[in-house]
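Below is one structure, written out as structure tokens; comments come after it.
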Amino acid sequence: TEWQTSAGAINAGLIGFNAVLCSIAVYSMCGQDLRLTLFGAIGATILIRLFNNLGLVPLAAGFVTMTWFIMLLGWLGPKFNGTPKEPEPA
């Protein structure tokens, strides 16, 4: 499989657009955690390339898929979304 990207696609913003959208969404939803923000941006970029290699038209699929995946991680455990666990009353 080819993982190379044309300079035209990069210059047109087709590669970084989903990463920026995912970064904004994850940063605002997940307690302003930069680790999750970078994870989302990198994951969205990889998903765009994966969808292109499969012959699918990705559009905003990388952004949507990665944002929902990080939200799923946040649902599975509070340590993933950066929100502190409230102490239980004594």
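Along the sequence shown, residues are numbered consecutively beginning with 1.
Linking Ile, Leu, Val, Met, Phe, Trp and Tyr whenever their side-chain heavy atoms come within less than 4.5 Å leaves Val64 and Ile24 in two separate clusters. A continuous path of ILVMFWY side-chain contacts below 4.5 Å connects Leu21 to Met71, so both sit in one hydrophobic cluster. No continuous path of hydrophobic side-chain contacts links Leu34 to Val20 [ILVMFWY only; heavy atoms under 4.5 Å].
Here the straight-line distance linking atom CG of Leu56 with atom CD1 of Ile48 works out to 10.5 Å at 0.5 Å rounding.
In this structure, Ser28 contributes its side chain and Ala25 its backbone to a donor-acceptor pair below 3.5 Å.
With Cys22 as the fixed residue, the side chain to side chain contact (heavy atoms under 4.5 Å, CB included) test singles out one of Tyr27, Phe17, Phe63: Phe63.
Minimum heavy-atom separation, Ile70 to Leu36: CD1-O, 3.8 Å.
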Q: Go through Asn18 and Met66 one step at a time and tell me if the side chain to side chain contact (heavy atoms under 4.5 Å, CB included) criterion holds.
A: CA-CA 9 Å; Asn18 281 287; Met66 202 63 198; over 6 Å; no

